[in-house]
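No experiment lies behind these values; they were computed from the predicted model shown. First the proteins, then the strands, lettered A, B, ... as listed; each starts at 1. Any value given below was found using the heavy atoms of this structure, including those in side chains, with hydrogens, waters and symmetry copies removed.
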Protein chains: 2
Amino acid sequence: MRPDARRNRDRILVAAAALVAEQGTQASLRDVARRAEVGLGTLYRHFPTREDLLAALLGRRFEELAERADALAATAPPERALTDWLHEFTLGAAAFHGLPAALLAALHDPDSALHASCDRMRTAGGRLLAAAQQGGLIRPDVTPVDLFALANALSWIADQAPTLAERSDHLFDLVLDGLRARG
Amino acid sequence: MRPDARRNRDRILVAAAALVAEQGTQASLRDVARRAEVGLGTLYRHFPTREDLLAALLGRRFEELAERADALAATAPPERALTDWLHEFTLGAAAFHGLPAALLAALHDPDSALHASCDRMRTAGGRLLAAAQQGGLIRPDVTPVDLFALANALSWIADQAPTLAERSDHLFDLVLDGLRARG
DNA sequence: ACCTGAACACCGTTCAAGT
DNA sequence: ACCTGAACACCGTTCAAGT
C-alpha cells in the first residue's frame, strides 16, 4: 500500500472510531470522511461497505475475545468459564449503538464483512458451551447460535435505555439461569 | 373532523399499514404519502411524528392484548396465564420490523406517542407477574420492566434472521425458565 | 494507484400559498 | 380547516476527472 493511502486509511479509522462510538453503527459516512479530512470516494475505496469499516474497527476486540475464551477454558471450571466469557462478550457487543443487530445479522450472512468475526465468536462460545453441557451444568438443547443470539439480545436491551443498562447484570443472571440444567 | 380530512387520515393509515408491514417501522414517510395519494404535509398534519403513526396502527392490537391479560388472569392458573400472555405479546411486538426497539424506547420516553400503550402492556404483564410470584412460581426479583424488556428482546431476535425466527419458541422457553423460582 | 468532489437519487421536516 | 408541493438540509453510492 502506498504511504499516502496508508495514511488515509488510518485517518479514516480514527475518525470512524470516534464517530461510531458517539453515534453508533449508523453514523453518517459523510461525517466520517469529513472528520478524516478525506474525500468521500477515498472512504469507499478503503471500505466498500459499512460492515467493512465496522469489521476493521472491531477486529482487535474480537481477536482478544477469542483468545480470552481459550484462556478461560484452560483455567476456570466449565460453568464459570462460560458465564465469564459470555459476560465479556455482551460488553463487547454493546461497544457501539446498533452493534448487536449488526452482529446477529452478520452471523447469518456469509457475505457480510463481519461474518468471519461472528462465526469465530459463535465457535469460541460453542466450545465453552459444550464443555459445560458435558458436565451436565447446562441444558443440552442449547445451541451455540442460541447462545450468540441471547448474548446479543442482552446487549441490545442495555442499548435501548440507560435505565435498562443499569439492570443489565441482573437480566444477564436471569437469562443464564434459564440455560442451567435442572437437577 | 371534516369529511375530507377523515378520508385522508384513513387513506394514510391503510397505506402505512401495508408499507410498514412490508418494510418495517423505518418505512419512508414519503412513500406512505405517495401510496395514500396525499400531500406530504397532510401526512404530517395527521401524524406529526412517526410514533404517532405507529401508535395509530397498533392501537387496536394493544387494546386486545390488555383485555386478553384480564381474561387469562380470570381463567388460567397464574403461571399459565403469564406465559400464554407473554407469548402473545412477543408475537405482537414482532408485528413490524423494528417494532421491539420502538416499544422498549417508548416505555422509557413519556413524550413518545407509544408510551401509553407500552405502559399499559407493562402494567398488564406486571399484574400477571405478581400473581405468579405470589404463588412462588416466579423469582421475586423479576420486575415488570424486566419482563417487558425480555419479551421485546425475544421478538427482536426473531426479527434479525429467518433462522432465528424458527428458533423463537425454544428461546422463549429458555428465557421463561430463567424466571422460574427454584424449589 | 490512488484521490477528489460533483452528480444522482433518495430522505425527513417545514411552511408559504392555495381552496 | 385543511391540503399541497416546493424548498431546505441532509443522506448513500457512483464515477469521471485529475495527480
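Taking a cutoff of 4.0 Å between a charged side-chain nitrogen and a carboxylate oxygen, A:Asp119 and A:Arg122 qualify as a salt bridge. A salt bridge is absent between A:Asp4 and A:Arg7; no separation between the charged side-chain nitrogens and carboxylate oxygens falls under 4.0 Å. Using a cutoff of 4.0 Å between basic side-chain nitrogens and carboxylate oxygens, B:Arg139 and A:Asp177 are scored as salt-bridged.
Near DNA chain D, meaning a heavy atom under 4.0 Å from it, residues 100-109 of chain A has no residue at all. Using a 4.0 Å cut-off on heavy atoms, the residues of residues 36-48 of chain A that approach DNA chain D are A:Leu40, A:Gly41, A:Tyr44, listed by number. Of the residues in residues 3-29 of chain B, those with a non-hydrogen atom less than 4.0 angstrom from any atom of DNA chain D are B:Asp4, B:Ala5, B:Asn8.
In this structure, B:Gln134 places its CD atom where only 12 or fewer heavy-atom neighbours from other residues, nucleotides or ligands lie under 6.0 Å away.
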Pairing string, 5' to 3', for DNA chain C - Watson-Crick or wobble contacts under 3.5 Å, brackets [ ] where pairs cross, | to another strand: ||.|||||...|||||.||

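Of the N and O atoms on the side chains of A:His46 and A:Asn8, not one donor lies less than 3.5 Å from an acceptor on the other residue. Side-chain polar atoms of A:Ser155 and A:Asn152 form no donor-acceptor pair below 3.5 angstrom. Side-chain polar atoms of B:Asp109 and B:His115 form no donor-acceptor pair below 3.5 angstrom.
Residues passing the side-chain hydrogen bond (donor to acceptor under 3.5 Å, both in side chains) test with A:Gln133, sequence neighbours excluded: none.
Here A:Arg34 reaches the OP1 or OP2 of D:dC11: one of its side-chain N or O atoms lies under 4.0 Å away.
Straight-line distance from the CZ atom of A:Arg50 to the P atom of D:dT13: 7 Å, rounded to whole Å. In this structure, A:Arg2 atom CZ and C:dT4 atom P are separated by 11 Å, rounded to whole Å.
Formation of a donor-acceptor pair under 3.5 Å by the B:Trp85 side chain with backbone atoms of B:Ala124 is not found in this model. In terms of modelled atom types and a separation under 3.5 Å, the side chain of A:His87 and the main chain of A:Leu82 share no donor-acceptor contact.
Classified by interplanar angle (parallel below 30°, tilted 30° to 60°, perpendicular above 60°), the ring pair A:Phe89/A:Phe148 is tilted.
Among residue pairs with one or both ends in residues 37-61 of chain A, those qualifying as salt bridge (charged side-chain N to carboxylate O under 4.0 Å, His left out) are A:Arg11-A:Glu37; sequence neighbours excluded.
Between the CG atom of B:Leu174 and the CG atom of A:Leu176 there is a distance of 11.0 Å, given to the nearest 0.5 Å.
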